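The structure appears below as structure tokens.
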2 protein chains.
Amino acid sequence: MIKIGIFGYGNLGRGVECAVAKNKDMELVGVFTRRNPESVKVRTPGVQVYHESAIEGMKDEIDVLILCGGSATDLPVQTPKYASMFSVVDSFDTHARIPEHFAHVDAAAKAAGTTCIISCGWDPGMFSLNRLYANCILPDGKDYTFWGKGVSQGHSDAVRRIEGVKDCRQYTIPVESALEAVRAGKQPELTTREKHERECFVVAEEGADLARIENEIKTMPNYFSDYNTTVHFITEEEMKRDHSGLPHGGSVIRTGVTGMNDEHTHVVEYTLKLDSNPEFTGSVIAAYARAVARLNKEGQTGCKTVFDIAPAYLSDLSGEELCAHLL
Amino acid sequence: MIKIGIFGYGNLGRGVECAVAKNKDMELVGVFTRRNPESVKVRTPGVQVYHESAIEGMKDEIDVLILCGGSATDLPVQTPKYASMFSVVDSFDTHARIPEHFAHVDAAAKAAGTTCIISCGWDPGMFSLNRLYANCILPDGKDYTFWGKGVSQGHSDAVRRIEGVKDCRQYTIPVESALEAVRAGKQPELTTREKHERECFVVAEEGADLARIENEIKTMPNYFSDYNTTVHFITEEEMKRDHSGLPHGGSVIRTGVTGMNDEHTHVVEYTLKLDSNPEFTGSVIAAYARAVARLNKEGQTGCKTVFDIAPAYLSDLSGEELCAHLL
């Protein structure tokens, strides 16, 4: 059994917990939190919640520690810190800072003899893998990534900060005609506005100026001003009833040409439709936690990304079984 | 530069040749044939065609030999034979015999210190990879593979053997309603007939009994009797004008559930739309030839499959570049 610890019990932590429950060769040995452990209720029978300070005494009880904090302030500190005690997996997703984060984690992991995977999930993660594979197969081509339809937490939060807004759920939606043009192999040049649109469901405070709120959303730089945005005002009951899930997904598409005269076009598409973004992310992480445990047993230490992991390491089947059943 | 040899110059050999031309770090050093070399014209300027017997003297001039023969009789003999002299890649696709083929190639490669990848292409190959990744991420789920729309050489050949048939092109077509049900996450149980249909374009000999030919096609066991099949009789001119390409493609889809009560459904789909089956297969092979050359340099010898190769090995970019640009 691979013994898993979960550090941080928000949406992602709960998603990882669900994923561990689906993997017969994994066992959840504890959840670690910065909150009062007695205030946290986990869903796996018999699993204890510990204060984060308890973790240093549990080195022998955990094979892989999964870090479920945020990329802005938690993971830049936590991942190198815990990489010096445990093999860890995180889902660090600030693309621009990945090289720096990698270097810190790699140094800590190599010094401690642990094995770590950063930036694991679906983007970065499975989307990155599919970009890489398709780029290597079709060197003469063009990449497209579409996100959604799905809830963007960052955009929802940005709207919530507007005066008079009680709650918001923002959906990112790919523009269907753009997707169709890409899938047809046409390699269009697409502006930000042409690729995605945004839809906001907003609960306003009583008496708030709805026209002002709508205008503030639509003109917000970086978040909304470059997109066509639709704003719907709804009640708290409607928000709870219709928008409590965290669906997401998207498509990575590469189109490219082959032939001595570039006469043949190919379209490679990877598409995800996810009812629960954190549970799917947690499921990717669980599969890579298996790889981490095996690599560490083999003595392969340091920081890795999904690019560095041979796919067979994700599976609990032997090489012979994989050849016979999945190849 | 990675020095590539191509063994066998049919559709796949020509596809590999096109792919090598698209990879700036590769160089085609020769094409080897069992035919009279003077009868074979290659399309890469300056590349020589050799009789197969010349290959044994060229061990120092080739980094990776790509075997482009057929799976029925060529590769079971050729791949182990040439694995004892060169690092090789093949596209062996007789699924049931892969374990046996693997064992033969592995023994030869380990004895000779070469590195080999078998069963490389899109199915087996990219489709296998996507089955593996999706299975590891969603252990509680169901796999579906749809092929087409595309030309099946085996089915086209089977029709050509019917008396009175001069030529045939057979298209395998996924049933759209089945694809939709799978994409909706419904996990339907589908019979052979419900998943694919077949469409044949037939050139008959003058005076042939068309009704008999159509009946023989539709009732042919294994090939057609389990499918809904449409037969069109066309002229030789129409065949040449409308059916001279070798398009193919398909979709690997896994749907699965997560959540403590299986309350969330996820759909993972990988879809290929290929104008030229052999050129895309050749492009996958070229990317893995790069991996073979690098693995061999590192001293990692023996037989591998796509499952055993970390994705980063396929790229000519460094780990740092991959992290910065594709992750």
Side-chain angles (χ1 to χ4, degrees), chain A residues 15 18-19 21-24 43 95 98-99 102 119 124 126 128-133 135-140 183 185 258-260 263-276 279-280 282-284 287 290 305-312 314-315 319-320 322-324 326-327, chain B residues 15 18-19 21-24 43 95 98-99 102 119 124 126 128-133 135-140 183 185 258-260 263-276 279-280 282-284 287 290 305-312 314-315 319-320 322-324 326-327:
Chain A
C18 291
K22 286 286 186 198
N23 284 287
K24 311 256 172 292
R43 291 178 290 175
H95 287 262
I98 288 174
F102 185 99
S119 303
M126 297 312 296
S128 323
L129 271 183
N130 277 281
R131 279 189 283 265
L132 174 58
Y133 278 120
N135 270 270
C136 296
I137 295 169
L138 295 174
D140 187 355
R183 283 181 179 141
T258 64
M260 286 300 176
E263 62 270 37
H264 294 122
T265 296
H266 308 279
V267 181
V268 181
E269 172 170 352
Y270 181 76
T271 287
L272 297 174
K273 287 183 212 138
L274 314 175
D275 270 2
S276 164
E279 288 182 9
F280 189 81
S283 300
V284 176
R290 180 180 293 117
T305 73
V306 293
F307 295 155
D308 305 312
I309 311 294
L314 306 187
S315 174
E320 291 72 29
L322 291 178
C323 268
L326 285 171
L327 197 61
Chain B
C18 292
K22 286 285 186 198
N23 284 287
K24 311 253 173 290
R43 290 177 291 176
H95 287 262
I98 287 175
F102 184 98
S119 303
M126 297 312 297
S128 324
L129 272 182
N130 277 280
R131 278 188 285 265
L132 175 58
Y133 278 119
N135 270 270
C136 296
I137 295 168
L138 296 173
D140 187 354
R183 283 180 178 142
T258 63
M260 286 299 179
E263 62 271 37
H264 294 123
T265 296
H266 308 278
V267 181
V268 181
E269 173 170 352
Y270 180 75
T271 287
L272 297 173
K273 287 182 213 139
L274 314 174
D275 270 3
S276 164
E279 287 182 10
F280 188 82
S283 300
V284 176
R290 180 181 291 116
T305 73
V306 293
F307 296 154
D308 305 312
I309 311 295
L314 305 188
S315 174
E320 292 71 28
L322 292 178
C323 266
L326 285 171
L327 195 64

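Letters A, B, ... mirror the listed sequences (proteins, then strands); counts begin at 1. Keep in mind it's a predicted model, so treat the numbers as computed, not measured.
From A/E263, atom CD reaches atom CD of B/E279 across 5.5 Å, with rounding to the nearest 0.5 Å. For the atom pair CZ of A/F307 and SG of B/C323, the computed distance is 7.0 Å after rounding to the nearest 0.5 Å. For the atom pair CG (A/N23) and SG (B/C136), the distance works out to 8.5 Å, reported to the nearest 0.5 Å.
When each of A/L322, A/V267, A/I309 is scored by its heavy-atom pairs under 4.5 Å with chain B, the top score falls to A/V267. Of the listed residues (A/G259, A/P124, A/G185, A/G282), the one with the most heavy-atom contacts under 4.5 Å to chain B is A/G259. Across B/K24, B/M260, B/E320, the residue that shares the most heavy-atom pairs under 4.5 angstrom with chain A is B/M260. Most heavy-atom pairs under 4.5 Å with chain A: of the set B/T305, B/L132, B/N130, this distinction falls to B/L132. Between chain A and the residues B/R290, B/K273, B/H95, the most heavy-atom pairs under 4.5 angstrom are made by B/K273.
Nearest heavy-atom pair across B/D308 and A/A312 is OD1-CB, 4.2 Å. When all heavy atoms of B/T258 and A/S283 are compared, the pair lying nearest together is CG2-OG, 3.6 Å. Taking every heavy atom of both residues into account, B/D140 and A/K22 meet most closely at OD2-NZ, 2.6 Å. Contact record, B/L327 with A/S119: CD2-CB, 3.8 Å, taken as the closest heavy-atom pair.
The backbone N or O of A/T271 sits nowhere less than 3.5 Å from a side-chain atom of B/E269 that would complete a donor-acceptor pair. Not a single donor-acceptor pair under 3.5 Å links the side chain of A/D275 to the backbone N or O of B/H264.
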Just do the side-chain contact (heavy atoms from CB on, under 4.5 Å) check on A/Y133 and B/V284 with the steps written out, would you? CA-CA 9 Å; A/Y133 278 120; B/V284 176; over 6 Å; no
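At a 4.5 Å heavy-atom cutoff, the contact between A/I98 and chain B is made by side-chain atoms alone. For chain B, the nearby parts of A/T265 are the backbone and the side chain; heavy atoms of each come within less than 4.5 Å. Within the 4.5 angstrom heavy-atom criterion, atoms from both the backbone and the side chain of A/F280 approach chain B.
Put simply, the side chain of B/S276 reaches to within 4.5 Å of the side chain of A/H266, judged on heavy atoms.
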